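Note: hydrogens, waters and symmetry copies are ignored here, and every other heavy atom, side chains too, is used. Just so it is clear, the model here is predicted, and its values are computed rather than measured.
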Amino acid sequence: MLTARGRTLGLCCASILLTGLVAQANAGTALEPSEQRQAAVSEPLPADPSVVQGRLGNGLRFAIAPLERREGRRDTVSFVLQINAGSAFEQDDQIGAAKLASDIAARGGFSSDPEAFRRAADSFDDASRGGLRAYATFDTTRFVLTVPLDADETLSSADLGRIAETLAELIEFPGGELDEAELDRSRRDLLAQQSGWSGPSQRITARALPALFGDSVFAERVPIYGREDLLATTPQAVSDFARAWYTPRSATLVVAGPIDPKVVQRAIEVAFGTIEAGGAQDGPDLSIGTPTPEVLVETDPAVASDIVQLMLIAPPPPPLVDETSLRERLAERVVVEAINRRLQDLSRRDETAALQAGAFSQPNAGGYRMSMVNVVGEAGGWAKLTRE
């Protein structure tokens with residue numbers, strides 16, 4: 001596997017491409033005076049007036065997006081509670097705690113009555129989706145509850161109140177320590193999941209990341225856990241991590257679906273408003289370190305084909321605040337899509353011996369932006385493809 005990082009050079013090339021594309025886009029709409037056009041593109045993007053946003057006194061942020069019902073069709077109401085903390089926020093003796101804490105919390109392990117918590121969550125969530133779901137990443141943890149609605153069905157204020165109370169238990173601890181049996185259960189589940197997706201590509205990536213990201217916290221905390229980490233993490237470490245970061249100050253609740261925003265807001269205020277804010281803490285430095293163009297060649301005995309990855313690592317793009325930033329983001333996506341189509345065309349040629357080829361870009365993948373070109377094919381396929 002070959003992984004290349006050239007942030008400085010890559011950004012220069014991308015800047016040239018983006019500048020050209022934006023210039024072409026502006027040229028196509030050059031019917032207005034340049035001064036008027038410049039003023040227009042720098043105006044803030046309008047907010048959706050239907051989305052209700054707010055913040056409780058304890059720091060919890062919330063956003064409520066009411067959607068129109070689709071007549072005669074099933075709809076859903078989605079609840080997403082995001083904690084602004086992931087594996088990068090772990091202490092050295094807490095490796096794996098972010099993933100373990102999310103898994104335990106989703107099953108009610110931090111609740112005063114875990115069985116009642118599970119019954120409540122399962123009674124609302126779509127069983128086909130596996131109940132309340134937890135996703136711990138490098139810098140965030142998300143809890144997702146999806147409530148299906150039959151045609152013309154709505155959630156009552158009582159239902160919304162019970163759902164909000166259930167989600168509030170995720171950031172309201174009853175005291176005491178985590179049960180060792182609960183921790184062992186999560187360890188077994190996560191290790192089983194890990195054995196299902198681990199392979200040569202993951203092993204190579206784990207070796208390449210420290211070289212790519214230097215001494216940054218990203219290199220230390222991705223992948224976010226390993227077998228030895230999970231076995232070594234103690235109940236105290238998991239509890240300490242959750243108490244430190246599962247707080248209203250670190251949380252945002254998003255609710256979307258055919259709902260009455262006033263009723264939802266009231267349910268949020270009642271369920272979450274009395275929770276203590278928790279101590280304010282500074283998170284880690286999520287920067288990716290000093291960039292240096294680098295080429296790595298990594299091999300694995302289990303790899304029988306060519307796997308080539310070209311990676312561009314860069315800071316995340318600025319937020320979409322006006323039409324200029326929107327056009328720049330669109331131009332970047334156009335460039336990536338053009339590369340992707342070209343690679344796919346080449347990979348379909350018999351003489352390239354490439355089975356798969358593509359490109360993608362993640363605008364913000366945990367404090368950084370990653371663009372990647374990936375080619376998987378028969379041995380020698382990369383050399384043939386590069387000749388094209």
Donor-acceptor under 3.5 Å ([X] side chain, [Y] main chain):
X      : Y      : answer
Glu172 : Glu169 : no
Thr141 : Ala85  : yes
Ser102 : Tyr135 : no
Arg55  : Arg61  : no
Glu328 : Ser325 : no
Glu182 : Ile104 : no
Asn58  : Ile275 : yes
Arg187 : Thr233 : yes

Any link between [X] and [Y] through a network of hydrophobic side chains (Ile, Leu, Val, Met, Phe, Trp, Tyr) touching at under 4.5 Å?
X      : Y      : result
Leu320 : Val254 : no
Leu155 : Val80  : no
Val77  : Val52  : yes
Val144 : Val147 : no
Leu67  : Val264 : no

What distance separates [X] [atom1] from [Y] [atom2], expressed to the nearest 0.5 Å?
X      : Y      : atom1 : atom2 : answer
Phe124 : Leu132 : CZ    : CG    : 12.5 Å
Leu56  : Gln265 : CG    : CD    : 8.5 Å
Arg69  : Leu149 : CZ    : CG    : 5.5 Å
Leu326 : Arg329 : CG    : CZ    : 8.5 Å
Asp75  : Asp150 : CG    : CG    : 10.5 Å
Thr140 : Arg142 : OG1   : CZ    : 6.0 Å

What pair of heavy atoms forms the shortest contact from [X] to [Y], and how long is it?
X      : Y      : answer
Gly86  : Ala98  : C-CB, 3.7 Å
Ala120 : Ser123 : O-OG, 2.7 Å
Leu167 : Leu81  : O-CD2, 3.8 Å
Ala271 : Ala168 : O-CB, 3.6 Å
Ala105 : Phe110 : CB-CD1, 3.6 Å
Ala134 : Lys99  : O-NZ, 4.3 Å

#### Entry: Criterion side-chain contact (heavy atoms from CB on, under 4.5 Å) on Val255 and Phe62, from CA distance to verdict
CA-CA 8 Å; Val255 184; Phe62 63 85; over 6 Å; no
### Task
Give the C-alpha distance, both sets of side-chain angles, the deciding distance and a yes or no for salt bridge (Lys or Arg N to Asp or Glu O under 4.0 Å) between Arg333 and Glu337.
CA-CA 6 Å; Arg333 292 182 62 181; Glu337 181 59 27; over 6 Å; no
### Query
Which is it for Arg162 and Asp159 under the salt bridge (Lys or Arg N to Asp or Glu O under 4.0 Å) test, yes or no, and what are the steps along the way?
CA-CA 5 Å; Arg162 287 195 295 272; Asp159 289 338; 2.4 Å; yes
### Task
For the pair Phe79 and Thr166, evaluate side-chain contact (heavy atoms from CB on, under 4.5 Å) and give the outcome as yes or no after the intermediate values.
CA-CA 11 Å; Phe79 299 80; Thr166 300; over 6 Å; no
Residue pair [X] / [Y], side-chain donor-acceptor N/O under 3.5 Å:
X      : Y      : value
Ser111 : Asp113 : no
Arg133 : Thr146 : yes
Asp189 : Ser186 : no
Gln82  : Asn84  : yes

Atom [atom1] of residue position [X] - does it have more than 12 heavy atoms of other residues, nucleotides or ligands inside 6.0 Å?
X      : atom1 : value
Glu153 : CD    : yes
Arg227 : CZ    : no
Glu68  : CD    : no
Arg118 : CZ    : yes

Got [X] and [Y] here, is their nearest side-chain heavy-atom distance under 4.5 Å?
X      : Y      : result
Trp245 : Asp240 : no
Val335 : Ile339 : yes
Leu178 : Ser239 : yes
Pro248 : Ile171 : yes
Asp93  : Thr234 : no
Pro284 : Phe89  : yes

### Query
Do NZ/NE/NH1/NH2 and the carboxylate oxygens of Asp103 and Arg107 come within less than 4.0 Å?
yes
### Task
Dump the intermediate steps for side-chain contact (heavy atoms from CB on, under 4.5 Å) on Leu100 and Leu183, then the final yes or no.
CA-CA 7 Å; Leu100 287 165; Leu183 179 58; 3.9 Å; yes
#### Entry: Stepwise side-chain contact (heavy atoms from CB on, under 4.5 Å) check, Ile259 with Thr154
CA-CA 7 Å; Ile259 48 178; Thr154 58; over 6 Å; no
